[in-house]
Visitor: 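Have a look at this one before I ask anything.
Order of appearance sets the numbers: ligands from 1, and atoms from 1 within every ligand. All values reported here derive from a predicted model rather than from experimental measurement.
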Amino acid sequence: MRNRWLLSVVSGLFLFMGTGLSYGEPDAVEKFFPVQADPFMGNWVGRWNKEEEVDPDIAANVYPLGGDQFRIVLKAKHDMRCPPKLDITVKPEGGALRFKQDDWFGEISGDTFKGGHGPKARFEMRRAELASPTLGLKPEHPDRAKVLFDGISTEAWKADSAKKPDGMWTVLPDGVLMVKPGTGDLITKEKFGSCRLHIEFRTPLMPTLRGQGRGNSGVFFQDVYEVQVLDSYGLEGYYDESGGLYKLAAPLVNACRPPGQWQTYDIDYTAPKVDAAGKVVAFGRMTVHQNGVLVQKDTELTWITAWTEKGRLEPPPAKPGPIRLQDHGNYIQYRNIWIEESGS
Ligand code: MG
């Protein structure tokens with residue numbers, strides 16, 4: 001009995017401490033969105049010397065894996081589905097990242113990434129932010145646009161009542177809506193069918209985590225079709241990663257930017273058509289631009305983007321539904337969210 005009492009006090013203490021840590025938003029911002037940029041992480045872009053005439057561009061994604069390790073992925077171009085030329089994990093030495101494997105070698109130091117392949121081919125790269133051209137985008141038709149988050153008011157949203165009716169996420173002083181892990185999803189009070197949605201987001205820096213645990217959230221249409229939000233920077237670009245329609249369609253290319261960098265989704269959503277008898281006349285469709293790059297082209301929504309098969313086989317929604325933002329336990333930040341109904 002006494003042990004149980006002690007256990008509950010201790011676990012309560014841990015819960016309290018855990019709560020203090022998890023919900024201490026200023027701490028979270030400092031921890032997951034550090035002001036000081038990682039010295040190596042990001043996009044690198046350059047050219048080979050004249051020895052390489054066939055495919056003279058070269059690019060790299062570099063990001064931390066925790067434990068003082070960095071992954072370097074060398075490839076021909078960004079935002080293109082091309083196989084890596086080299087995929088290597090290295091540790092910094094003397095303020096630089098150096099590697100040598102097979103015929104490849106290279107060094108990242110300061111603002112330069114130099115290297116080569118074999119006896120003659122040499123390249124030099126510089127940092128490239130690849131900022132989204134639609135950052136700060138305003139509605140095309142302000143008369144029929146609805147602002148879902150303007151940097152101040154969360155009036156358009158409510159907590160997903162099934163989970164925690166009082167749960168609202170955090171509005172930060174700089175006009176950012178940040179997931180408050182554990183409070184559950186947010187859904188719009190208003191329901192929508194076909195629409196165009198603009199949303200800006202950034203994923204936290206979580207170098208030690210992998211896969212679905214690394215900066216996970218999501219933007220849902222009609223409550224059930226999820227455009228995945230995930231830190232899948234530098235990865236292949238699978239159906240459960242950034243730009244993917246969860247478990248339904250991989251992005252055409254992985255246009256994910258590194259954690260901490262603001263990104264955009266510009267999404268054209270066409271609702272499914274269901275007749276009065278409940279028969280599906282047409283599946284829904286989705287076109288998605290991520291950071292201005294086409295990642296879903298009129299993709300047919302042939303099933304619900306749910307985690308389990310049972311969920312995926314649910315019938316398409318016959319009525320308008322809310323836009324849903326997912327709390328997957330990570331501090332994702334959102335801003336400048338607006339919607340224009342398409343009326344079809
Ligand atoms: Mg998700």
Visitor: Apply salt bridge (charged side-chain N to carboxylate O under 4.0 Å, His left out) to R122 and list each qualifying residue two or more places apart in sequence or on a separate chain.
Guide: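 With neighbours one apart ignored, the set is empty.
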Visitor: Find out if a path of hydrophobic residues (ILVMFWY) with successive side-chain heavy-atom gaps under 4.5 Å connects F149 to I267.
Guide: yes
Visitor: For distances below 2.8 Å, what is the count of protein N, O or S atoms around the Mg ion (ligand 1)?
Guide: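 Of the protein's nitrogen, oxygen and sulfur atoms, 5 lie under 2.8 Å from the Mg ion (ligand 1).
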Visitor: Does atom CD of E190 have more than 12 heavy-atom neighbours, drawn from other residues, nucleotides or ligands, at distances under 6.0 Å?
Guide: yes
Visitor: Quick check: are there more than 12 heavy atoms from other residues, nucleotides or ligands sitting under 6.0 Å from CG of D111?
Guide: no
Visitor: How does the hydrophobic cluster around V54 look, that is, which other residues are in it when side-chain heavy atoms under 4.5 Å mark a link?
Guide: none
Visitor: What's in the same ILVMFWY side-chain cluster as I72, cut-off under 4.5 Å, chained through other members?
Guide: F40, W44, W48, I58, V62, F70, L74, L86, I88, V90, L97, F99, W104, I108, F113, F123, M125
